[in-house]
Amino acid sequence: LHTIEVKSELQSVRASLHAAEAAQRAFLIRASPEDLALYRDRSARAERAADAVRALVADNPGQSERTARIDAMLAARIAALQEAVAARIG
């Protein structure tokens with residue numbers, strides 16, 4: 001059951017990040033407030049899912065180390081997305 005929970009949350013990280021990327025692209029094209037809100041929501045969902053993964057593997061040093069690398073990659077990707085959004089906003 002634990003493994004399934006971890007895999008499910010990891011899938012949520014991936015799906016939410018993909019959705020954030022799509023919403024960010026839509027915002028860059030249309031400058032729609034709805035796309036911006038969707039981008040922000042999906043980015044936050046990805047971060048919450050990553051938090052859940054971190055909590056689930058906290059008792060396993062090896063998995064915690066791998067989760068820290070995922071966290072760093074996620075943070076870098078979201079920062080890059082946000083930089084483009086900020087530039088579009090002006």
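Because the structure is predicted, anything quoted here is derived from the model rather than measured.
- For E5, there are no side-chain hydrogen bond (donor to acceptor under 3.5 Å, both in side chains) partners at least two apart in sequence or on another chain.
- The salt bridge (charged side-chain N to carboxylate O under 4.0 Å, His left out) check on R25 picks up nothing, with sequence neighbours excluded.
- Listed by first and then second residue, the side chain to side chain donor-acceptor pair (under 3.5 Å) pairs that reach into residues 76-90 are E21-R77, Y39-Q82, sequence neighbours excluded.
- Every residue two or more places apart in sequence or in another chain that forms a side-chain hydrogen bond (donor to acceptor under 3.5 Å, both in side chains) with D71 is listed here: R54.
- Counted by atom type alone, R66 and Q63 present zero donor-acceptor pairs between their side chains at under 3.5 Å.
- Scanning for side chain to side chain contact (heavy atoms under 4.5 Å, CB included) contacts around A68 gives an empty result, with sequence neighbours left out.
- Put simply, V13 and I4 are part of two different groups of oily side chains (I, L, V, M, F, W, Y) that touch within less than 4.5 Å, one to the next.
- Across all their heavy atoms, L10 and I70 have their closest contact at CD2-CD1, 4.0 Å.
- Judged as a salt bridge (charged side-chain N to carboxylate O under 4.0 Å, His left out), and not counting sequence neighbours, R40 has no contacts.
- Partners of R48 according to the side-chain hydrogen bond (donor to acceptor under 3.5 Å, both in side chains) rule, which considers only residues two or more places apart in sequence or in another chain, do not exist here.
- Here the straight-line distance linking atom CD of E65 with atom CZ of R69 works out to 5.5 Å at 0.5 Å rounding.
- Scored by the side-chain hydrogen bond (donor to acceptor under 3.5 Å, both in side chains) test, S32 finds E34 as partners (sequence neighbours excluded).
- The line from CG of L38 to CD of Q24 is 11.5 Å long, rounded to the nearest 0.5 Å.
- Partners of A75 under the side chain to side chain contact (heavy atoms under 4.5 Å, CB included) rule, at least two apart in sequence or in another chain, do not exist in this structure.
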Exercise for the section: Would you sort out whether I78 and L17 count as a side-chain contact (heavy atoms from CB on, under 4.5 Å), showing the intermediate values? Expected result: CA-CA 8 Å; I78 289 176; L17 181 58; 4.2 Å; yes
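- One finds the OG atom of S16 at 9.0 Å from the CD atom of Q11 (value rounded to the nearest 0.5 Å).
- Counting only distance, with no hydrogens or angles, the side chain of S64 and the backbone of N60 share a donor-acceptor pair below 3.5 Å.
- With rounding to the nearest 0.5 angstrom, the CG atom of L81 is 9.0 Å from the CG atom of L28.
- Here A52 pairs with E9 under the side chain to side chain contact (heavy atoms under 4.5 Å, CB included) rule; sequence neighbours left out.
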Practice task
Give the intermediate values and the outcome of side-chain contact (heavy atoms from CB on, under 4.5 Å) for residues L36 and I89.
Solution key: CA-CA 10 Å; L36 179 59; I89 291 171; 4.2 Å; yes
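- Not counting sequence neighbours, the partners of R45 by the salt bridge (charged side-chain N to carboxylate O under 4.0 Å, His left out) test are D41.
- Here the closest non-hydrogen pair linking L74 and A50 is CD2-CB, 3.7 Å.
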